[in-house]
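Single-structure report; data block below.
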Number of protein chains: 2
Amino acid sequence: MTRKSHSITIRDVARQADVSVATVSRYINRNAPVSPEVAERISKVMAELNYVPHAAARHLATRKTRSIGLLLTTINYDFFTPLLSGLERVVAENNHNLLVATYRADLRKDYPPPVGPHNTDGVVVFADALQEEQLAQWYRMNFPMVLVHRTPPPYLNIPYVTIENKAASRKIVDHLIEVHGRRRIIFTRGLENHEDSHWRELGYKASLEAHGIPYDPRLIIRGEFDREVTYQEMSAFLANNHPDFDAVFASDDDSALGVIRALNDAGIPVPESVSVVGFDDQHFSCILPLPLTTVRAPTEEVGRMAGSQILKILQGEAADPMTLLPTEIVIRQSCGCNESQS
Amino acid sequence: MTRKSHSITIRDVARQADVSVATVSRYINRNAPVSPEVAERISKVMAELNYVPHAAARHLATRKTRSIGLLLTTINYDFFTPLLSGLERVVAENNHNLLVATYRADLRKDYPPPVGPHNTDGVVVFADALQEEQLAQWYRMNFPMVLVHRTPPPYLNIPYVTIENKAASRKIVDHLIEVHGRRRIIFTRGLENHEDSHWRELGYKASLEAHGIPYDPRLIIRGEFDREVTYQEMSAFLANNHPDFDAVFASDDDSALGVIRALNDAGIPVPESVSVVGFDDQHFSCILPLPLTTVRAPTEEVGRMAGSQILKILQGEAADPMTLLPTEIVIRQSCGCNESQS
DNA sequence: TTGTACGCGTTATCAC
DNA sequence: GTGATAACGCGTACAA
């Protein structure tokens with residue numbers, strides 16, 4: 001260590017305020033009484049010097065980083081905006097920092113995740129950003145975690161927050177069937193290994209079954225929660241001679257846009273000939289000239305809840321093992337209804 | 001310090017591998033030769049112990065955090081998704097972490113920004129997240145910064161990356177005038193203190209002037225880059241007896257949606273009676289049933305460039321003082337054109 | 001109420 | 001090529 005640091009430290013403050021570093025520390029952390037006049041002196045010197053405690057040193061001494069990590073698979077979807085927004089707000093309100101990182105467990109098995117015990121006090125893990133093995137390891141060492149849009153494996157008691165997928169999916173498909181008389185309904189799958197997609201498909205099947213409609217695997221289309229992929233797949237479906245259909249349940253709103261575009265390309269009138277519904281109620285969904293009938297997912301609240309759960313754990317409280325946020329279907333016009341938009 | 005830490009340290013590795021901590025450190029950082037067999041031993045022990053170096057300790061010793069901060073005013077807009085995505089990618093590729101934080105300089109004058117020299121090696125500052133005074137202070141202490149969507153005050157030589165606003169705005173208004181014969185064009189302003197909005201307005205004015213159309217302040221509407229605000233303002237405008245108009249240049253696509261909705265509510269046909277154009281080419285803009293004529297802003301690249309600039313600085317290289325990314329107008333249908341959508 | 005001194009986990013500087 | 005060991009800046013027993 002040769003290079004004398006030129007940054008100002010607590011020692012500089014102490015010297016100028018003519019007290020010990022301990023006193024300055026106490027003043028900063030307000031964890032022990034400091035006489036008013038000394039406090040005044042310290043405060044003034046700190047302001048003069050623009051002193052800000054060095055985080056790393058603090059972390060090392062405290063063994064707390066005051067920051068929490070968010071582990072995502074990708075940042076490509078607008079879906080993440082409300083999630084991030086909600087999480088950041090809660091985290092910031094509690095004077096913590098937020099580290100945002102992407103990680104594809106399947107791609108980088110040899111590298112450790114970019115956020116973890118070494119640089120955060122806890123992490124929020126989205127969907128399948130982490131593999132079970134990694135979850136298990138952190139679980140064993142009691143590292144605080146909260147899962148979002150994913151349930152933990154049964155033997156790992158990790159708190160999670162997710163949304164109600166199945167019932168709402170079933171309801172929206174019910175609507176297609178009962179109100180609009182649709183019976184040949186396509187489902188565009190989301191990403192594999194993504195529970196949301198899985199549950200939505202189950203809701204879809206449940207509805208079909210309840211109405212005595214046979215499940216036809218030819219009506220299941222790949223979509224990956226991606227507008228472009230869904231557009232391609234839907235177009236391919238339409239191009240070949242395909243089974244009849246009269247509705248599409250897209251696994252999310254973004255895919256629904258891909259579906260609609262493919263349908264438009266093919267000259268199939270929506271919603272007259274084919275009803276289209278989605279999931280999420282994204283930012284754009286209500287404003288489309290053909291407003292989307294969809295399921296409202298409280299994504300921002302998922303972010304907030306994840307934040308408050310992880311903070312609870314950090315404060316030594318027990319987190320709720322499971323937070324299941326309600327969803328509701330919102331009927332607009334892409335299904336064929338003609339209600340006023342909301 | 002009472003609580004003996006149970007985390008495994010470099011010392012544990014050293015002991016088990018039967019070498020000194022210095023050697024382990026050398027192995028980890030590959031900054032000095034280590035005999036192959038020793039390397040092998042260390043490597044094995046590290047894997048067994050799941051050892052990950054403690055970031056804070058490293059930071060303290062190195063005086064480098066290996067993380068960069070992103071300072072935003074808010075995360076409410078989908079606009080940030082590509083920005084964040086681009087930035088995160090570059091940052092991660094260079095083995096750095098990304099701290100995302102919001103800060104409203106105007107609201108919390110007494111609190112220091114959540115990211116800064118104390119916990120990052122450098123920050124990317126969006127628009128007016130920071131006040132000049134703070135910029136100046138960090139500049140004086142040589143703290144690495146890159147501004148995005150903002151130019152630094154003239155006396156602060158801070159690198160910035162932003163997009164070409166004025167020329168594109170002028171071009172899109174030219175289009176309205178020259179191709180569609182519009183002459184009474186509304187501009188919905190973005191946020192105050194936001195340079196993008198400012199430059200877009202200048203482009204708007206330049207176009208008017210070039211065509212000999214008088215500037216009418218009554219045609220300037222508040223919008224704040226927000227769909228809802230713009231909707232309200234536009235509706236209010238329409239409700240009172242207002243001057244004639246035949247087109248709207250919205251300061252961003254999100255506002256354009258608010259405009260269109262207000263117009264729809266009022267029964268004014270778009271684009272027949274009124275052309276509407278936006279700015280940004282957001283994710284949803286091309287898929288609208290009335291695809292939006294707008295300006296394509298390379299927001300993801302702004303993120304990437306900001307990342308590479310700040311990393312350059314961290315590596316001791318000089319950053320480009322200014323990075324001005326080109327924009328291009330994309331003609332779709334909301335202006336009245338009937339081109340195929342892209 | 002205040003000060004002294006040690007430890008947090010790592011890097012880097014010496015010697016060897 | 002390797003091993004001791006002093007920093008890095010801060011928090012906190014413990015003593016006063």
Side-chain angles (χ1 to χ4, degrees), chain A residues 1-42 45-46 49-67 116-121 141, chain B residues 1-43 45-46 49-67 116-121:
Chain A
M1 268 329 70
T2 111
R3 217 189 62 196
K4 250 299 180 224
S5 145
H6 284 268
S7 61
I8 44 173
T9 77
I10 196 173
R11 235 179 299 259
D12 300 317
V13 178
R15 194 177 317 119
Q16 285 222 25
D18 199 33
V19 292
S20 73
V21 294
T23 303
V24 177
S25 173
R26 283 189 278 255
Y27 170 76
I28 292 173
N29 299 296
R30 276 128 171 80
N31 53 8
V34 169
S35 77
E37 70 180 39
V38 169
E40 174 65 21
R41 280 216 310 278
I42 296 178
V45 172
M46 283 191 8
L49 266 44
N50 277 128
Y51 169 71
V52 179
H54 191 78
R58 231 173 181 174
H59 300 168
L60 195 53
T62 325
R63 313 196 49 65
K64 298 228 155 304
T65 65
R66 297 200 73 77
S67 64
H118 62 289
N119 59 359
T120 56
D121 296 341
M141 54 194 285
Chain B
M1 265 332 65
T2 110
R3 217 191 62 196
K4 250 301 179 222
S5 148
H6 285 266
S7 61
I8 43 176
T9 77
I10 197 174
R11 237 179 297 258
D12 301 317
V13 177
R15 193 178 319 118
Q16 284 221 26
D18 201 33
V19 292
S20 73
V21 294
T23 304
V24 177
S25 174
R26 282 189 280 255
Y27 170 75
I28 293 173
N29 298 296
R30 278 131 170 77
N31 52 9
V34 169
S35 79
E37 70 180 40
V38 167
E40 174 65 21
R41 278 213 314 276
I42 295 178
S43 158
V45 172
M46 282 191 8
L49 266 43
N50 277 127
Y51 169 72
V52 180
H54 190 79
R58 231 172 181 175
H59 300 168
L60 192 52
T62 326
R63 313 197 49 66
K64 297 231 155 302
T65 64
R66 298 200 72 77
S67 64
H118 62 290
N119 60 359
T120 55
D121 296 342

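Source: prediction; values computed, not measured. In what follows, every chain begins at residue 1, and chains take the letters A, B, ... in the order their sequences are listed.
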Pairs under 3.5 angstrom, nitrogen or oxygen only, protein versus nucleotides 1-3 of chain C, please.
| residue | atom | partner | partner atom | Å |
| --- | --- | --- | --- | --- |
| C/dT2 | OP1 | A/Ser35 | OG | 2.8 |
| C/dT2 | OP2 | A/Ser35 | N | 2.8 |
| C/dG3 | OP2 | A/Ser20 | N | 2.8 |
| C/dG3 | OP2 | A/Ser20 | OG | 3.0 |
| C/dG3 | OP2 | A/Thr23 | OG1 | 2.7 |
| C/dG3 | N7 | A/Arg26 | NH2 | 2.7 |
| C/dG3 | O6 | A/Arg26 | NH1 | 3.1 |

In whole angstroms, how far is the [atom2] atom of [N] from the [atom1] atom of [X]?
X	N	atom1	atom2	value
A/Arg30	D/dC10	CZ	P	16 Å
B/Tyr27	C/dT10	OH	C1'	17 Å
B/Lys64	D/dC8	NZ	P	16 Å
A/His59	C/dC8	NE2	C1'	13 Å
B/Arg41	D/dG1	CZ	P	15 Å
A/Asn31	D/dA13	CG	C1'	12 Å

Give, for atom [atom1] of [X] and atom [atom2] of [Y], the distance between the pair rounded to the nearest 0.5 Å.
X	Y	atom1	atom2	result
B/Arg58	B/Ile10	CZ	CD1	8.5 Å
A/Leu60	A/Thr65	CG	OG1	12.0 Å
A/Met46	A/Ile8	CE	CD1	9.5 Å

Return no unless some side-chain N or O of [X] is found under 4.0 Å from OP1 or OP2 of [N].
X	N	answer
A/Ser25	D/dG11	yes
A/Asn29	D/dG11	yes
B/Arg63	C/dT11	no
B/Ser7	C/dG9	yes
A/Thr62	D/dG11	no

Which residue pairs pass the salt bridge (charged side-chain N to carboxylate O under 4.0 Å, His left out) test with at least one member in residues 26-42 of chain B, sequence neighbours excluded?
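Those involving residues 26-42 of chain B do not exist here.
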Take the C1' atoms of the five end pairs on each side of the helix from C/dT1-D/dA16 to C/dC16-D/dG1, derive the two axes, and give their angle rounded to 10 degrees.
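That helix has its two terminal axes inclined by roughly 40°.
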State which residues pass salt bridge (Lys or Arg N to Asp or Glu O under 4.0 Å) with B/Asp18; sequence neighbours excluded, sorted by chain then number.
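Testing B/Asp18 for salt bridge (Lys or Arg N to Asp or Glu O under 4.0 Å), a comparison that skips the adjacent residues, returns none.
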Side-chain donor-acceptor contacts of residues 49-56 of chain A below 3.5 Å, not counting sequence neighbours, with atom names and distances?
| residue | atom | partner | partner atom | Å |
| --- | --- | --- | --- | --- |
| A/Asn50 | ND2 | B/Gln137 | OE1 | 3.4 |

Under the side chain to side chain contact (heavy atoms under 4.5 Å, CB included) criterion, do B/Ile42 and B/Val13 qualify, and how do the steps go?
CA-CA 7 Å; B/Ile42 295 178; B/Val13 177; 4.3 Å; yes
Using a heavy-atom distance cut-off of less than 4.0 Å, which residues of residues 49-58 of chain B contact DNA chain D?
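None - not one residue of the stretch has a heavy atom sitting under 4.0 Å from the strand.
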